[in-house]
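Note sheet for the following structure.
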Amino acid sequence: MTDSTSTSKPNYKKTLNLPKTSFPMKANLVQNEPASIKRWEKIGLYDRIQEARAGSEPYHFHDGPPYANGSIHLGHLLNKCLKDFVVRTKSMAGMACPYIPGWDCHGLPIEHKVMTEAIESGKMKKLESLEDDARRTAIRRDCQKYAEKFIKLQTGQMQRLMTLADYAHPYLTMAPEYEAAALDVFADMIEQGLVYRKLKAVHWSIANQTALAEAELEYYDRKDPSVFVEFDAADARAVEAAFGMQPESLDRTPTFMIWTTTPWTLPANLLIAVHPRHNYALAEIDGTVTVIAEELLSKVAATAGADNVRTLSIAPGERLVGLKYRHPFIEDEAAHKAAIRGDSDASGDILHIVAAEYVTLEDGTGLVHTAPGHGQDDYNTGVTNKTPIYCPVQADGTYDETVPDWVRGKLIWDANPIIVKHLDESGRLFHKLEINHSYPHDWRGKSPVIFRATEQWFVDVNKPTKRDDRSLRDLALEASDTIDFIPAWGRNRMRGMLESRPDWCLSRQRSWGLPIPAFMTPSGEPFVTAASVRAISEVVRKNGSGCWITLSPAELLAGYDAKKDPEAPAGLDISSLRAMNDIFDVWFESGSSWAAVMRQRGTVHTEGSPVDLYLEGSDQHRGWFQVSLLTCLGAIGVPPYRTLLTHGFMVDKDGRKMSKSIGNTLEVDSLMQQFGADVARWWVATLAYENDIKADVSFFETAGESYRKLRNTLRFMLSNLDDFEPSPPGKDASCGQGMCMNLSTMSPTSIDAWILDQFNVLAKKVREAYARFDFRTASTAIFNFCNDTLSSVYLAAVKDRLYCDRLDSPRRRQTQNALWELCDGLCRLLAPIVPHTADEAYRALLKATDDATTIHVKEFLPNLPVEAATAWQDVLRVRDDAMAALERVRAAGGVENPLDAGLTLPSPGGALNGFDPVDLADLLGVSRVAIKADITEPEVLDLRTEPRCERSWKRDGTVKERSDGGMLSDRDAEAVGVS
RNA sequence: GGGCUUGUAGCUCAGUUGGUUAGAGCGCACCCCUGAUAAGGGUGAGGUCGAAGGUUCGAAUCCUUCCAGGCCCA
């Protein structure tokens with residue numbers, strides 16, 4: 001048993017005003033956030049915010065559509081949270097900022113997935129038995145279902161992130177009204193003369209039998225044969241002459257040495273390209289006499305293991321131009337020339353040497369095998385030299401009948417070894433090996449892609465528009481000067497891409513997409529005009545783009561009058577038209593979203609660029625940003641956006657890219673289960689998002705720690721406001737209701753004036769940071785304010801008055817008033833980042849029990865009408881010195897507990913005059929403070945011999961035994977009501 | 001291979017036009033409090049600023065090269 005004889009003394013703890021609140025320390029976000037989401041949904045929060053801001057200055061943000069496939073990943077989390085920060089901060093800043101979320105629904109990945117599933121389920125056989133049109137319609141139906149399924153899934157996941165958007169009315173690129181608007185943009189571009197159709201070498205996926213956009217390619221390493229092939233010169237005498245040698249000085253037919261990693265393109269060889277200013281050697285290598293770049297001679301010889309190398313003569317490349325050669329295995333040149341069927345303007349000769357600037361001396365031989373139907377550079381060279389764009393490879397990757405019979409009908413990959421073997425046997429293979437090199441692959445199928453010449457629709461980026469007489473490229477480059485790039489280097493990045501981008505290939509040969517509304521006339525001419533497209537657009541608006549397949553040309557063109565269309569071809573017979581099967585590149589659809597979503601829904605500026613902000617990953621400089629820029633400049637002549645904000649990519653904690661195959665990804669769903677959205681959002685807010693972003697579970701743990709700090713700070717303030725009744729909003733003590741005072745009457749030297757002034761500084765900084773999308777600066781400033789200014793300084797200082805002062809002492813009420821303002825203000829500043837927690841705290845502050853009360857319809861507060869004495873900065877300097885002095889005393893074995901100490905503070909120039917010594921003592925955590933003008937350093941007093949107040953634990957000099965037998969200070973005696 | 005970009009304490013980041021002992025938060029260590037308590041406060045130790053050259057009286061900051069990442073192309 002313990003001795004409790006002295007327990008007649010009062011237990012003062014019960015007389016204190018200790019903190020009390022319903023706002024729990026443990027957030028339990030995983031359970032509570034979904035409840036908040038439900039409550040917001042119930043009160044129609046999104047609509048309520050829009051109503052509250054109706055008529056306010058608009059801020060037009062436009063959401064880029066994620067692809068409707070799979071679960072959202074960490075990149076989506078970053079992207080969607082940043083967008084939500086933008087929308088919420090603009091809204092809290094009093095602007096009208098709707099957020100229409102969207103999805104990119106068409107395209108190869110979904111179609112590929114659906115086809116894969118059809119194969120696995122056996123449905124493919126049924127599909128294959130259908131007629132073309134019926135099959136395409138069936139595939140499209142399945143694709144639509146697939147997209148809808150993932151839109152639903154992703155919507156839920158995005159809502160779980162507590163992003164606030166019009167999820168009831170998203171935009172879908174497969175919706176009829178969207179498709180119609182995209183067609184209208186296409187019509188505008190036709191009208192500007194920008195759309196053309198031409199045979200062109202494009203990336204071709206054999207597996208999917210479609211042309212691919214640059215964006216649909218991924219580069220992987222691939223093993224390929226690497227062969228050095230000798231092409232016989234057609235005229236040895238001409239070669240001698242080119243090299244300045246005596247006629248007939250050569251006893252063998254000289255050859256031209258080319259190098260290729262695609263032997264399958266050799267049947268399509270039409271030219272050899274050399275660099276006009278590089279030197280070429282005529283050399284004897286192990287008995288053969290061949291032409292090769294001088295600089296590469298020894299390297300090639302070494303590669304082939306040749307030791308007998310002799311240079312016979314040197315000539316610059318330009319001297320070789322025009323020399324004829326024989327194809328290594330096509331014997332009859334005349335018949336071949338007839339067989340490869342060129343365009344009418346393909347009048348140029350073939351099988352000779354041409355000059356090209358792109359020839360390098362890095363690989364190969366300096367003589368470049370050129371097949372205009374099978375390469376970008378080759379194509380350009382072919383066009384320049386007016387050769388046919390010869391492409392013997394069919395859509396399925398097999399050769400047609402124009403090639404030698406020993407490879408005819410074979411798949412090109414199978415033909416590679418056959419051709420190499422044939423070359424070897426005919427003595428034209430100089431050397432062969434295998435190389436591992438980066439090679440373009442189909443982004444989904446991961447199968448290697450080839451170049452193949454096909455008829456495609458293009459947007460010309462070099463042709464002047466009719467409206468501005470400037471090319472899209474020039475217009476885009478000019479626009480880049482006026483667009484605000486965040487970060488600024490985005491401008492150069494985008495300019496570089498614009499300067500080098502080729503014409504935009506618009507067409508794809510697939511089912512799941514928006515059909516290009518072009519017809520083929522019986523004479524084999526395509527028919528498409530701005531007016532015909534607009535007529536079809538109206539039909540699509542009513543029926544959806546599937547009608548392109550199900551309706552007849554006459555039905556599709558019911559609203560079209562050729563007589564009123566100056567572009568209509570003469571003698572157009574609609575009944576004889578055949579609908580073509582190409583669909584649009586999905587980038588054209590998403591690139592038209594400024595029109596199909598923002599303009600169509602009326603949420604745009606009517607002057608200048610329609611939208612204020614596009615915000616996506618920096619990959620979109622080439623993707624969505626660029627295609628949107630091109631369509632908008634083409635259709636209406638202005639850029640679609642005023643500001644472009646880009647963020648970086650997620651990498652793992654070692655800075656490596658995240659990929660499922662490496663296994664270093666994090667699942668969004670499990671992060672929500674483990675940490676909750678507010679923690680994840682806080683993490684996003686603290687990121688330097690313009691560069692790569694390292695992500696790791698440990699970073700979410702760290703964010704959770706910071707979150708807890710914020711939460712506890714709010715909790716402590718709330719817990720000291722339990723007995724505080726605020727006056728009605730916008731009113732103060734003079735209204736007779738509640739306990740708020742007129743802040744402007746607060747003494748400038750009071751600690752409450754100081755903290756409110758500090759809050760004003762913070763709030764201004766945060767609002768400004770938000771305005772420039774610098775969420776990191778904003779969140780860091782809020783954190784430091786909570787952690788340092790509040791928790792460590794102010795709240796520690798005012799604890800004594802909150803706990804020990806009489807409940808309704810003016811001093812306590814004033815501090816509570818300050819706390820109330822701080823809570824209110826902080827919740828508002830935090831609301832865009834941690835919407836659940838800010839709302840929870842705000843509702844606790846207002847003791848709200850209804851569902852409708854929410855911080856999210858509120859705005860940021862203007863500066864509070866308080867004034868703090870400028871001498872506060874002197875006080876804080878003195879505080880630093882005093883804390884250091886206390887620490888020195890403690891370290892020297894003196895006073896350990898600050899409440900056992902007093903301080904005499906210097907007051908340089910009377911700086912501390914007018915400050916309340918109690919405020920100063922509380923600020924320093926000591927029992928009492930005296931001010932002395934004539935000292936320079938704070939002096940520490942050891943008060944351990946003085947009596948201690950049993951209630952406040954202070955030794956303030958007024959402590960004495962009271963009527964109840966306790967040792968109390970004057971203040972505490974009054975509070976308890978004893979004398 | 002090209003364009004843009006990143007590399008500062010264990011971690012995440014600040015470091016304005018080159019100029020005194022390179023800052024912050026977190027983490028860590030030690031201490032205090034136990035009337036914010038699965039909380040709170042204090043103090044402290046951590047960096048040859050990716051590497052190597054160069055310009056300069058002086059460089060994390062400017063130049064060159066290299067190394068290691070990222071995005072987009074080839």
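The sequence lines fix the lettering, A, B, ..., with proteins before strands; numbering per chain opens at 1. Remember, predicted model here, so these are calculated numbers, not experimental data.
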Would you indicate which nucleotide in [options] comes nearest to any side-chain atom of [X]?
{"X": "A:Arg890", "options": "B:rG42, B:rC26, B:rA36", "result": "B:rG42"}
{"X": "A:Val651", "options": "B:rC73, B:rG42, B:rG70", "result": "B:rG70"}
{"X": "A:Leu795", "options": "B:rA36, B:rC71, B:rG25", "result": "B:rA36"}
{"X": "A:Met883", "options": "B:rG35, B:rC13, B:rG42", "result": "B:rG42"}
{"X": "A:Arg776", "options": "B:rA36, B:rU12, B:rG41", "result": "B:rU12"}
{"X": "A:Cys804", "options": "B:rG41, B:rC4, B:rG35", "result": "B:rG35"}

Could you check whether [X] gets within reach of a base, just the sugar-phosphate, or nothing at all, counting any heavy atom under 4.0 Å?
{"X": "A:Lys694", "value": "sugar-phosphate"}
{"X": "A:Ser500", "value": "nothing"}
{"X": "A:Arg951", "value": "base"}
{"X": "A:Arg656", "value": "sugar-phosphate"}
{"X": "A:Asp692", "value": "base"}
{"X": "A:Asn787", "value": "sugar-phosphate"}
{"X": "A:Asp619", "value": "sugar-phosphate"}
{"X": "A:Asn720", "value": "nothing"}

May I ask which nucleotide in the shown strands pairs with [N], Watson-Crick or G-U wobble, both distances under 3.5 Å?
{"N": "B:rA29", "result": "B:rU43"}
{"N": "B:rG58", "result": "none"}
{"N": "B:rA68", "result": "B:rU6"}
{"N": "B:rG1", "result": "B:rC73"}
{"N": "B:rA14", "result": "none"}
{"N": "B:rA36", "result": "none"}

With [atom1] as the reference atom in both, quote the distance from [N] to [M] in angstrom, rounded to an integer.
{"N": "B:rA24", "M": "B:rU64", "atom1": "P", "answer": "33 Å"}
{"N": "B:rC30", "M": "B:rG46", "atom1": "C1'", "answer": "15 Å"}
{"N": "B:rG58", "M": "B:rG3", "atom1": "P", "answer": "32 Å"}
{"N": "B:rC71", "M": "B:rG54", "atom1": "C1'", "answer": "31 Å"}
{"N": "B:rG50", "M": "B:rA9", "atom1": "C1'", "answer": "15 Å"}
{"N": "B:rA52", "M": "B:rC67", "atom1": "P", "answer": "15 Å"}
{"N": "B:rC4", "M": "B:rG18", "atom1": "P", "answer": "22 Å"}
{"N": "B:rA68", "M": "B:rA59", "atom1": "P", "answer": "28 Å"}

Please report the distance, rounded to the nearest Å, between [atom1] in [X] and [atom2] in [N].
{"X": "A:Glu705", "N": "B:rC28", "atom1": "CD", "atom2": "C1'", "value": "13 Å"}
{"X": "A:Ile693", "N": "B:rG7", "atom1": "CD1", "atom2": "C1'", "value": "16 Å"}
{"X": "A:Leu710", "N": "B:rG25", "atom1": "CG", "atom2": "P", "value": "15 Å"}
{"X": "A:Leu899", "N": "B:rU34", "atom1": "CG", "atom2": "C1'", "value": "13 Å"}
{"X": "A:Asn784", "N": "B:rC13", "atom1": "CG", "atom2": "P", "value": "16 Å"}
{"X": "A:Arg708", "N": "B:rU37", "atom1": "CZ", "atom2": "P", "value": "15 Å"}
{"X": "A:His203", "N": "B:rC73", "atom1": "NE2", "atom2": "P", "value": "10 Å"}
{"X": "A:Asp922", "N": "B:rG41", "atom1": "CG", "atom2": "C1'", "value": "15 Å"}

Value rounded to 0.5 Å, distance of [atom1] in [X] from [atom2] in [Y]:
{"X": "A:Asp619", "Y": "A:Phe649", "atom1": "CG", "atom2": "CZ", "value": "3.5 Å"}
{"X": "A:Leu296", "Y": "A:Thr303", "atom1": "CG", "atom2": "OG1", "value": "9.5 Å"}
{"X": "A:Leu714", "Y": "A:Leu819", "atom1": "CG", "atom2": "CG", "value": "11.0 Å"}

Do [X] and [Y] pair up side chain to side chain, a donor and an acceptor below 3.5 Å, judged on atom types alone?
{"X": "A:Thr837", "Y": "A:Asp678", "answer": "yes"}
{"X": "A:Asp919", "Y": "A:Trp754", "answer": "no"}
{"X": "A:Tyr803", "Y": "A:Asn720", "answer": "no"}

| query | Hey, does the Lys NZ or Arg CZ of A:Arg681 hover above the aromatic six-ring of A:Tyr707, less than 6.0 Å from the centre and inside 45° of the axis? | reply |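 Not flagged: A:Arg681 not positioned over aromatic ring of A:Tyr707.
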| message | I'd like to know if A:Thr713 reaches the base of B:rA36 with its side chain such that a donor and an acceptor end up less than 3.5 angstrom apart. | response |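 Answer is no: no donor-acceptor pair is held.
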| Ignoring hydrogens and angles, does a donor from either the side chain of A:Arg493 or the base of B:rC72 sit under 3.5 Å from an acceptor on the other? | no
Whether [X] contacts [N] is assessed here as follows: a side-chain N or O lying under 4.0 Å from the phosphate OP1 or OP2. Is that the case?
{"X": "A:Tyr803", "N": "B:rA36", "result": "yes"}
{"X": "A:Lys709", "N": "B:rG40", "result": "yes"}
{"X": "A:Arg715", "N": "B:rU37", "result": "yes"}
{"X": "A:Asn691", "N": "B:rG69", "result": "no"}
{"X": "A:Lys13", "N": "B:rG35", "result": "yes"}
{"X": "A:Ser618", "N": "B:rU5", "result": "no"}
{"X": "A:Lys26", "N": "B:rA38", "result": "no"}

| task | Pull up the glycosidic torsion of B:rG35 and say syn or anti, syn being anything within 90° of 0. | result | anti
| task | State whether the aromatic ring of A:Phe716 stacks on the base of B:rA39, taking stacking to mean ring centres under 5.5 Å apart and ring planes under 30° to each other. | result | no
| Between A:Glu887 and A:Met658, which has a closest nucleotide on RNA chain B that is more 5'? | A:Glu887
| query | In terms of the nearest nucleotide of RNA chain B, which residue is placed more toward the 5' end: A:Phe699 or A:Ser719? | reply |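 It is A:Phe699 whose nearest nucleotide is closer to the 5' end.
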| query | Under the criterion salt bridge (Lys or Arg N to Asp or Glu O under 4.0 Å), which of A:Asp922, A:Asp900, A:Asp972 is the partner of A:Lys954? | reply | A:Asp922
| said: Testing A:Phe700, A:Phe699, A:Trp683, A:Trp682 one by one against A:Phe675 for a ring-ring contact (aromatic ring centres under 6.0 Å, His included), which residue passes? | reply: A:Phe700
| Applying the ring-ring contact (aromatic ring centres under 6.0 Å, His included) test to A:Trp624, which of A:Trp587, A:Tyr614, A:Tyr641, A:Tyr67 qualifies? |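 Single ring-ring contact (aromatic ring centres under 6.0 Å, His included) partner of A:Trp624 among A:Trp587, A:Tyr614, A:Tyr641, A:Tyr67: A:Tyr614.
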